[in-house]
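Report on one structure; see the data block that follows.
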Amino acid sequence: MFNLPDTYRTGVKVALKDFIPKNVKPKDKKRIKDAVKSVKLEYQIAGEEIPSVINKDYRCQVIQFYNIEVENIEDANFLASIYQNLIKPFCVLHMYDTKDEVYSLAIKRLSLTDDTQIVIENSLVTQPFMLNVPDSSKNRFLAYVDFMQTKNKLDKVSLYKEWFYKVYMLQNEKAYAKVDIVLESNFWYDSGRTAQIALKYMELVKQRESLKKAVTNAERMKVNKSIKTTIASLDCEDL
């Protein structure tokens, strides 16, 4: 997964009885039981070769990678919403059935009121990729999440955020005509600039979604003006 080195491989099978949370509603528990066939903690980036981050915002000492076999990939969004909130470390959930696969990622921070709890800042589930079928979109995705090609390994949070933002941009690549330039740029080495540019990109995606929902000409004109401003701001970045 993500072309991770074998040194990070764990291959630990997770018993389903341990994977099903006890504090969810009975109907959700039944849905999980019906949906999940098997779970493996396939990889775990631990140790300090890539430094951990422990501060007021993050307690990131590992990044986990799960392979989750499901009955039907249509349950992926439901499972991602459950487990990204329950699994406290940054993690990648690879879910697949007999035909398709998806990946779930989420940026998490510590709660400001209770540092034993996490808060999801941003999350996503990729579009489905067909298993064992040549797919240019899947190949593009795999190229940009390839561990060996990832640029910012300053620490575990920076590494995971590069993955998250690149996947987000790939999922919303029609939002910005110069997305390939953004993805190939060297600003990824700089965590601060990465956050700045990613924020603009995410704002552009939201604006384009707002344009689709606009009803009146006045609303469309207002949103189009905001879109042009955000695009101009991205164009001005030294990519």
Side-chain angles (χ1 to χ4, degrees), residues 24-25 27-28 31 35 57 70 72-86 90-97 99-109 111-112 118-130 135-138 140-141 144-145 160-185 187-188 192-237 239:
V24 296
K25 297 176 182 177
K27 66 175 183 178
D28 289 339
R31 186 175 176 184
D57 296 314
V70 297
N72 193 319
I73 204 67
E74 291 183 2
D75 286 313
N77 283 288
F78 164 72
L79 294 171
S81 68
I82 294 286
Y83 285 103
Q84 287 290 5
N85 277 284
L86 286 176
F90 283 173
C91 64
V92 176
L93 308 179
H94 172 230
M95 293 171 278
Y96 62 96
D97 61 12
K99 295 180 180 178
D100 300 298
E101 62 183 335
V102 300
Y103 293 81
S104 161
L105 295 90
I107 296 176
K108 311 171 185 186
R109 63 166 174 80
S111 167
L112 296 176
I118 56 132
V119 174
I120 303 291
E121 289 188 324
N122 289 293
S123 64
L124 63 83
V125 176
T126 66
Q127 65 188 47
F129 301 120
M130 292 182 68
D135 184 335
S136 59
S137 295
K138 179 179 176 179
R140 187 165 156 79
F141 166 82
Y144 281 112
V145 298
Y160 190 89
K161 284 188 174 183
E162 179 175 339
W163 278 328
F164 181 92
Y165 292 134
K166 282 184 172 178
V167 174
Y168 179 89
M169 290 173 185
L170 286 169
Q171 293 296 292
N172 298 280
E173 60 182 333
K174 292 182 180 179
Y176 186 52
K178 299 178 183 178
V179 63
D180 284 337
I181 296 175
V182 176
L183 290 166
E184 295 290 344
S185 175
F187 74 78
W188 296 100
R193 289 205 64 219
T194 294
Q196 172 185 314
I197 292 169
L199 186 64
K200 291 180 181 180
Y201 201 103
M202 295 172 87
E203 182 60 27
L204 179 58
V205 171
K206 290 177 184 176
Q207 289 166 346
R208 291 200 182 281
E209 289 173 352
S210 295
L211 184 61
K212 293 176 183 177
K213 298 174 183 176
V215 177
T216 67
N217 285 334
E219 288 174 333
R220 283 190 285 271
M221 288 177 63
K222 183 179 179 180
V223 177
N224 270 319
K225 185 177 180 181
S226 297
I227 288 171
K228 288 178 181 178
T229 300
T230 305
I231 288 175
S233 181
L234 278 168
D235 287 345
C236 287
E237 291 285 352
L239 301 174

Which atom pairs, one a donor and one an acceptor, fall under 3.5 Å between side chains of residues 209-218 and the rest of the protein, sequence neighbours left out?
residue	atom	partner	partner atom	Å
Ser210	OG	Lys206	O	3.1
Thr216	OG1	Glu219	N	3.1
Asn217	OD1	Arg220	NH2	2.7

Requested in this report: Evaluate the criterion side-chain contact (heavy atoms from CB on, under 4.5 Å) for residue pair Leu170 and Val179; output intermediate values, then yes/no.
Outcome: CA-CA 8 Å; Leu170 286 169; Val179 63; 6.0 Å; no
Straight-line distance of [X] [atom1] to [Y] [atom2], nearest 0.5 Å:
| X | Y | atom1 | atom2 | value |
| --- | --- | --- | --- | --- |
| Cys91 | Lys108 | SG | NZ | 4.0 Å |
| Arg109 | Asp57 | CZ | CG | 7.5 Å |
| Gln196 | Leu234 | CD | CG | 9.5 Å |
| Ile197 | Phe187 | CD1 | CZ | 4.0 Å |
| Asp135 | Asp100 | CG | CG | 10.0 Å |
| Met202 | Thr230 | CE | OG1 | 13.5 Å |

Are a donor atom and an acceptor atom from the side chains of [X] and [Y] found within less than 3.5 Å of each other?
| X | Y | answer |
| --- | --- | --- |
| Thr126 | Gln171 | no |
| Thr194 | Glu162 | no |
| Tyr144 | Glu184 | yes |
| Ser233 | Lys200 | yes |

Test item: [X] and [Y] side chains (from C-beta on) under 4.5 Å apart, heavy atoms:
| X | Y | result |
| --- | --- | --- |
| Leu124 | Val167 | yes |
| Tyr96 | Val70 | no |
| Asp75 | Asp97 | no |
| Trp188 | Tyr165 | yes |

**Report entry** side-chain contact (heavy atoms from CB on, under 4.5 Å) between Val145 and Lys166, worked out
**Finding:** CA-CA 8 Å; Val145 298; Lys166 282 184 172 178; 5.8 Å; no
Closest non-hydrogen atom pair between [X] and [Y], with its separation:
| X | Y | answer |
| --- | --- | --- |
| Lys138 | Met130 | NZ-O, 4.0 Å |
| Ser123 | Ile120 | CB-CG2, 3.9 Å |
| Val102 | Pro128 | CG1-CA, 3.6 Å |
| Asp28 | Phe78 | OD1-CE1, 3.7 Å |
| Met169 | Ala198 | CE-CA, 4.1 Å |

Requested in this report: For the residue pair Tyr103 and His94, categorise the inter-ring angle as parallel (less than 30°), tilted (30 to 60°) or perpendicular (more than 60°).
Outcome: parallel
Report task. Take Val205 and Tyr168, measure what side-chain contact (heavy atoms from CB on, under 4.5 Å) needs, and give me the verdict at the end. Result -> CA-CA 10 Å; Val205 171; Tyr168 179 89; 3.2 Å; yes
Query - Where at least one partner belongs to residues 174-183, residue pairs that pass salt bridge (Lys or Arg N to Asp or Glu O under 4.0 Å), sequence neighbours excluded - result: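 Qualifying pairs, neighbours excluded: Arg140-Asp180, Lys178-Asp235.
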Requested in this report: Answer yes or no: is there a donor N or O on one side and an acceptor on the other, between the side chain of Gln84 and the main chain of Ser104, under 3.5 Å?
Outcome: yes
Query raised in the report: Does Ala175 offer a backbone N or O that forms a donor-acceptor pair with the side chain of Asn172 under 3.5 Å?
Result: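 Side chain of Asn172 to backbone of Ala175: no pair is present.
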**Report entry** Phe164/Phe90 aromatic ring centres below 6.0 Å
**Finding:** no
Query - Derivation and outcome, side-chain contact (heavy atoms from CB on, under 4.5 Å), residues Leu93 and Leu79 - result: CA-CA 9 Å; Leu93 308 179; Leu79 294 171; over 6 Å; no
